[in-house]
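Chain letters run A, B, ... following the sequence lines, proteins first and then strands; every chain starts at 1. None of these values were measured; they are calculated from a predicted model.
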Amino acid sequence: MEKWSAATIREFRRTLLAWYDQEGRNLPWRRDHEPYHVWVSEIMLQQTQVNTVIPYYENFMATFPTVTALANAEQADLLKAWQGLGYYSRARNLQRAAQQLVTDYHGEWPRTAAGLADLVGIGPYTAGAIASIAFGEAVPAVDGNAFRVFSRLLLIDDDIAKPQTRKIFEQVIQPIVDPERPGAFNQAIMDLGSSYMTAKNSDPAHSPVREFDASYREDRVDEFPVKTKAPRPKLMPYYGLIVHSPAGYLMVQRDANQMLTGYWTFPLVIQAGLREAVPVDTPTLETDIAALEQQFSTDYQLPISLTTVSGQPVSHTYTHQRWQVKLLVAELATTPALTFYPGKWVPAAEIRALPLPKVQEKIMTRYQNQGHPQAFPKN
DNA sequence: AATGCGTGGTC
DNA sequence: TGACCAAGCAT
């Protein structure tokens, strides 16, 4: 691992910030240093690229312009504003933290990273980012960019997938952060990490800090950062039930024990769970359909007759799961009461007003493309 | 410490 | 198409 002298650190800061002042990106959340603006942008940017975030950020600020507005927002409006951005607990935690700020903090922001980290959804990285950018505290903001940039500059070969590695980087970066301009310093590292020092197709030869880049000097850029790879997503076969009556489509809101909490989908049944509830010797599509029909009839007092939708299952891959959703349809002549079923009938024209996850949109698109082109009008 | 949690872009 | 990556956090 490289070790920089005090003089090298001073020269690195000067070089980095001169480049940032000239070439730093003009981003919507950089128009001022309002803590609310910095906070919302940093939460949206977690594991999400800048170009994806920009339109969401603009819409979010127009819809929820202040901490108070966010604290008082309807959750459905919040989830709709976050729809498509992913990692939806971020949105729910954002509102919880806004409510914390209003009620427990009387609207006064903690002005240090340590204090900010007490708010739900704000971890070590985001605390450092807000503290440095909004309040000028000289602390590092160690995200994926910082891992990548400093592992290359200093030949740090610790595995960044391991939690304990964060501490090493924080200790290494802390003395390098410019105490005069910590926010600009941290943002400059991020801009560097998304331009000359990217994960793939990096261009270290033209980097403004190439003279400080030990990995470039040794032609070992591709060796850094060291990161063990994640396991494969687990295959999860589902049935997706498109149940239609004169009142509309049967929809369910996902509860707090499931992923996609608060978002709406058609009923989704895990195939393995279905066979657990109604065991048969050799499960087939036919036995599964019979089991589903029986379950709806007896458990929910919802008699349905299911038929298959032609085509391959709808496939949707998450970080840790790969869903394959086989679509089944039931057309009802009358509308049964949903006394024992935790869902609701939603008129076709109102479905798109609900917060929907991507997999639900894929299912709707598939169904429309299989002979029901006007099933879900966009208004 | 290890795992769960979304989506879109890129090669 | 699959694999990998992108401004992480909670539990």
Side-chain angles (χ1 to χ4, degrees), chain A residues 24-25 27-30 37-57 79 82-94 96-97 116-130 132-133 140-150 159-167 169-170 183 185-195 197-202 222 225 227-236 254 256-263 265 312 315-323 355-362:
Chain A
R25 289 172 293 182
L27 298 168
W29 46 88
R30 289 182 176 175
H37 297 164
V38 177
W39 175 45
V40 170
S41 68
E42 290 298 340
I43 299 296
M44 287 186 168
L45 286 161
Q46 291 170 4
Q47 301 288 282
T48 310
Q49 299 195 0
V50 164
N51 286 341
T52 301
V53 165
I54 290 173
Y56 281 91
Y57 176 83
L79 296 183
W82 208 271
Q83 176 177 324
L85 207 46
Y87 284 145
Y88 298 110
S89 66
R90 291 184 293 175
R92 292 180 283 109
N93 288 340
L94 200 61
R96 283 175 55 200
L116 288 160
D118 288 336
L119 292 164
V120 62
I122 298 184
Y125 160 71
T126 307
I130 300 173
S132 62
I133 298 169
V142 184
D143 67 339
N145 288 305
F147 277 133
R148 189 167 56 254
V149 168
F150 284 102
D159 183 355
I160 66 169
K162 296 196 178 304
Q164 59 198 28
T165 300
R166 161 179 298 283
K167 299 188 194 73
F169 275 79
E170 284 172 347
F185 179 94
N186 285 330
Q187 292 181 93
I189 295 299
M190 297 180 210
D191 281 15
L192 201 54
S194 57
S195 56
M197 299 184 73
T198 49
K200 285 186 269 189
N201 298 325
S202 64
D222 292 339
K227 184 183 184 182
T228 57
K229 56 185 175 189
R232 282 283 179 65
K234 181 187 175 190
L235 183 63
M236 303 270 288
R254 297 181 63 85
N257 298 319
Q258 301 171 301
M259 57 188 288
L260 311 173
T261 302
Y263 284 79
T265 67
Q312 290 298 110
S315 179
H316 188 72
T317 304
Y318 298 98
T319 307
H320 59 303
Q321 295 177 11
R322 180 190 177 89
W323 288 14
L356 307 175
K358 177 57 64 177
V359 66
Q360 172 65 17
E361 295 190 328
K362 282 189 183 177

For this session: Taking only the side-chain heavy atoms of A:M259 (C-beta and beyond), determine which of C:dA7, B:dG6, B:dA1 contains the nearest atom.
Result: B:dG6

For this session: Indicate whether OP1 or OP2 belonging to C:dG8 is found under 4.0 Å from a side-chain N or O atom of A:Q47.
Result: yes

Exercise. Reckon A:Q187 touches a base, only the sugar-phosphate, or nothing at all at heavy-atom distances under 4.0 Å?
Worked result: nothing

Exercise. Closer than 4.0 Å, any side-chain N/O of A:T52 to the OP1 or OP2 of B:dG9?
Worked result: no

Seminar exercise, completed: For A:N93 and A:V120, the nearest pair of non-hydrogen atoms, with its separation, is O-CG1, 3.5 Å

Exercise. How many Å lie between OH on A:Y88 and C1' on B:dT7, as a whole number?
Worked result: 7 Å

Exercise. Within the structure shown, what part of the strands sits under 4.0 Å from A:V120 by heavy-atom distance: base, sugar-phosphate, or nothing?
Worked result: sugar-phosphate

Exercise. In whole Å, what separates the C1' atom of C:dC5 from that of B:dG6?
Worked result: 14 Å

Exercise. So does A:Q321 get a side-chain nitrogen or oxygen closer than 4.0 Å to the phosphate oxygens (OP1/OP2) of B:dC5?
Worked result: yes

Exercise. For A:H316 and B:dT7, what is the distance between atoms NE2 and P respectively, to the nearest whole Å?
Worked result: 4 Å

Problem set entry | Gap in Å between the two P atoms, one belonging to B:dA2 and one to C:dA7, rounded | 23 Å

Problem set entry | Touch class at under 4.0 angstrom, heavy-atom based, for A:R30 against every strand present | base

For this session: Taking atom P in both B:dC5 and C:dA6, compute the distance separating them and give it to the nearest angstrom.
Result: 22 Å

Exercise. Within less than 4.0 Å of OP1 or OP2 of C:dC9, is there a side-chain N or O belonging to A:R90?
Worked result: no

Exercise. Can you tell me how far C1' of C:dC9 sits from CG of A:L45, to the nearest Å?
Worked result: 15 Å

For this session: Go through C:dC5, B:dT7, B:dA1 for me and flag the one nearest to the A:Q164 side chain.
Result: B:dA1

For this session: Look at all strands and tell whether A:K162 reaches a base, only sugar-phosphate, or nothing, counting heavy atoms closer than 4.0 Å.
Result: nothing

Problem set entry | C1' spacing across the pair C:dA10 / B:dA1, given as an integer number of angstrom | 13 Å

Exercise. Under 4.0 Å between a side-chain N/O of A:R148 and OP1 or OP2 of C:dA7, yes or no?
Worked result: yes

Exercise. Distance check: side-chain N/O of A:R322 vs OP1/OP2 of C:dG2, anything under 4.0 Å?
Worked result: yes

Exercise. Pick the nucleotide of DNA chain B nearest each of A:V359 and A:N201; which residue has the one closer to the 5' end?
Worked result: A:V359

Exercise. Of A:L119 and A:L27, whose closest DNA chain C nucleotide lies nearer the 5' terminus?
Worked result: A:L27

For this session: State whether A:E170 and A:K167 are salt-bridged, where the test is any N-O pair (Lys NZ or Arg NE/NH1/NH2 against Asp/Glu carboxylate O) under 4.0 Å.
Result: no

Problem set entry | A:W82 CH2 to A:R92 CZ distance, which is reported to the nearest 0.5 Å | 11.5 Å

Exercise. Between the side chain of A:R254 and the main-chain N/O of A:Y263, is any donor-acceptor distance below 3.5 Å?
Worked result: no

Problem set entry | Between C:dA10 (P) and A:Q46 (CD): distance, integer Å | 8 Å

For this session: Ignoring backbone atoms, establish whether A:K358 has a side-chain N or O less than 4.0 Å from OP1 or OP2 of B:dG8.
Result: yes

For this session: Let me know the distance between CZ of A:R92 and P of C:dA10, rounded to the nearest Å.
Result: 12 Å

Exercise. Picking from C:dC5, C:dC9, B:dG4, which would you name as closest to the side chain of A:H320?
Worked result: B:dG4

Problem set entry | Electrostatic pair A:D191:A:R30 at N-O distance under 4.0 angstrom | yes

Exercise. Which part of the nucleic acid, if any, lies within contact of A:L260, taking any heavy atom under 4.0 Å across all strands shown: a base, the sugar-phosphate backbone alone, or nothing?
Worked result: sugar-phosphate

Exercise. If you pin A:L356 and A:P231 to their nearest nucleotides in DNA chain B, which one's is more 5'?
Worked result: A:P231

For this session: Select base, sugar-phosphate, or nothing to describe what A:T317 touches, counting heavy atoms under 4.0 Å on all strands.
Result: base

Exercise. Under 4.0 angstrom, heavy atoms only, what part of the nucleic acid is A:W29 near: base, sugar-phosphate, or nothing?
Worked result: base

Problem set entry | Heavy-atom closest pair, residues A:T265 and A:Q360 | CA-OE1, 3.3 Å

For this session: Please answer whether the main-chain N or O of A:P163 pairs with a side-chain N or O of A:T165 as donor and acceptor at a distance below 3.5 Å.
Result: no

